[in-house]
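Step one of this worksheet: look at the structure below.
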Amino acid sequence: MRLSRYFIPVLKETPSDAQIVSHRLMLRAGLIRQEAAGIYAWLPLGHRVLRKIEQIVREEQDRAGAAEMLMPTLQPADLWRESGRYDDYGQEMLRIVDRHKRDLLYGPTNEEMITEIFRSYCRSYKDVPKLLYHIQWKFRDEIRPRFGVMRGREFLMKDAYSFDLDEDSARMSYNRMFIAYLNTFARLGLKAVPMRADTGPIGGDLSHEFIILADTGESEVFCHADLVEMAAPGLDVDFDGDLQPLVDQRTALYAATEEMHDADRFVAEVPVDKRVSARGIEVGHIFNFGTKYSEPMKANVVHPDGKERPVHMGSYGVGVSRLMGGIIEASHDENGIIWPDSVTPYGVGIINMRADDEATNAACETAYAALTKAGKEPLLDDTADRAGAKFARMDLIGLPYQLVIGPRGLKEGKIEVKARRSGEKHELSLDDAINRLAEGIFANG
Ligand code: ATP
Ligand code: MG
């Protein structure tokens, strides 16, 4: 992409109403624009990152054996009357009446709808297990939307739902998602800790929240330090094998959110130098809730013994749009965002220091063509802005590598590569720089 044709409306002033760094940086770097309280337009750069996060979430759901589908944002109220949640959900639910005076709602989650779909087609033990997911916009009329995309009213969620014959099998579906989540967050460059959680209005008995530690997090959390550093299971996990040992390893150590915290147990179980008491951001939440929805909604399956029983269910959410805020909270400096390679909107920023110099333009075009061909998705700053502004903007938008090309260096056959995270600079020939960037040889610190 050429910046002269692109749209990155960078703000010079720090927006005064943005209280946390990720919100400030998302506005300043032109990733999002607020259209109403808690409702954002995703500008081109922000949209690109959102799509990359979404894609990683998708790949790990697929790897875990979940099947993608897409349910609508609008849902009939009658489905929610069946489960009893239409009245229970309260003011967070956005209720809509259509021209025929039929009650609809903008979905805050999809347990009811997926249960309706399941019961319409699946009647027998031969039809389970099933693990279905979608990535769709949700609306919750949060009383205090804040911190930008962290607590929006409209937000993008990946929600998966499992259907199993019995409790044991439901546990295996739960474990699949548990492991998939750890791998997902690791690929996003995040250290997420699974913590025992309250099941809240979704109900059920087994639940974990996945929390990334950050001072600006809204929840208070307590855990064993070793959990924070524990490596993710890895992409070669056999999802059809026994996942319980991997899950046990990560649930044996103390970790709880505020609602589930037991101060006496914390002190008894965690040595003093391993006690982490911190704030955290909830990026995912998984629930096993048995027959809470299948029973009232009559989603029954016939067991091998010929008897019909309600199917066992679970639901598994990831805050896709919230993750962008979380990633920035975890990865930035005083100059701006520092994207992990896995979600960066563009792989390399090429800074043309003198857009009116022929040799400089030619070298930039060479680099741009070669890096495009190598799949590095370069962003070429070919604007007439002054060098200082170009450097500041490139730092702010946080691409992992910058290629700085100017007439003075070119005369000596040199250009500069800067790694955004470490700030480390390398002077190289144009060819060397292109080859090394194309091969991913630079370490992004
Ligand atoms: P919270 O406790 O933060 O209000 P929740 O428990 O209501 O979240 P879930 O129903 O578990 O949320 O939704 C699954 C995931 O969706 C959450 O883990 C979170 O990452 C994300 N999420 C929930 N509410 C919002 C919101 N208002 N804005 C952005 N993301 C959200
Ligand atoms: Mg939750």
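The basis for the numbers below is simple: all heavy atoms, side chains too, and nothing from hydrogens, waters or symmetry mates. First listed ligand is number 1; within each ligand, the first listed atom is number 1.
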Compare every heavy atom of Pro15 with every heavy atom of Arg28, then report the nearest pair and how far apart it is. CG-CD, 3.7 Å
Check each atom of ligand 1 against the heavy atoms of [X] and keep those under 4.0 Å away; list them by number with element.
| X | value |
| --- | --- |
| Met157 | 13 (O), 14 (C), 16 (O) |
| Glu142 | 24 (N), 26 (C), 27 (N) |
| Val283 | 18 (O), 20 (O) |
| Val149 | 29 (C) |
| Gly284 | 18 (O) |
| His285 | 6 (O), 11 (O), 18 (O) |

Say whether [X] and ligand 1 are in contact under the criterion: heavy-atom distance to a ligand atom below 4.0 Å.
| X | result |
| --- | --- |
| Ser321 | no |
| Thr109 | no |
| Glu209 | no |

In terms of ring plane angle, is the pair Phe266 and Tyr254 parallel, tilted or perpendicular, where the classes change at 30° and 60°? tilted
Check the orientation of Phe139 and Tyr106. Use parallel for under 30°, tilted for 30 to 60°, and perpendicular for over 60°.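 Correct class here is tilted.
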Is it the case that the side chain of Arg95 and the backbone of Tyr86 share a donor-acceptor pair, with hydrogens and angles ignored and the cut-off at 3.5 Å? yes
With no hydrogens and no angle check, is any side-chain donor or acceptor of Arg123 less than 3.5 Å from a backbone partner on Arg119? yes
For His303 and Tyr125, run ring pair (Phe, Tyr, Trp, His ring centres under 6.0 Å): C-alpha distance rounded to whole Å, both residues' side-chain angles, the deciding distance at 0.1 Å, then the answer. CA-CA 5 Å; His303 284 232; Tyr125 66 92; 7.9 Å; no
Which one holds for [X] and ligand 1: side chain close, backbone close, both close, or neither close, with close meaning a heavy atom under 4.0 Å?
| X | answer |
| --- | --- |
| Glu282 | both |
| Met150 | backbone |
| Leu323 | neither |
| Arg151 | both |

Polar-atom distance check: Val318 versus ligand 1, any N or O pair below 3.5 Å?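 It does not: no N or O of Val318 is found under 3.5 Å from an N or O of ligand 1.
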Just one of Phe185, Phe287, Phe210, Tyr316 clears the ring-ring contact (aromatic ring centres under 6.0 Å, His included) bar with Phe178, so which one?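 Among Phe185, Phe287, Phe210, Tyr316, the one that satisfies the ring-ring contact (aromatic ring centres under 6.0 Å, His included) with Phe178 is Phe210.
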Close aromatic pair by centroid cut-off 6.0 Å: Phe147 and His23: no
Kindly state whether the ring of Phe155 and the ring of Trp137 have centres lying under 6.0 angstrom apart. no
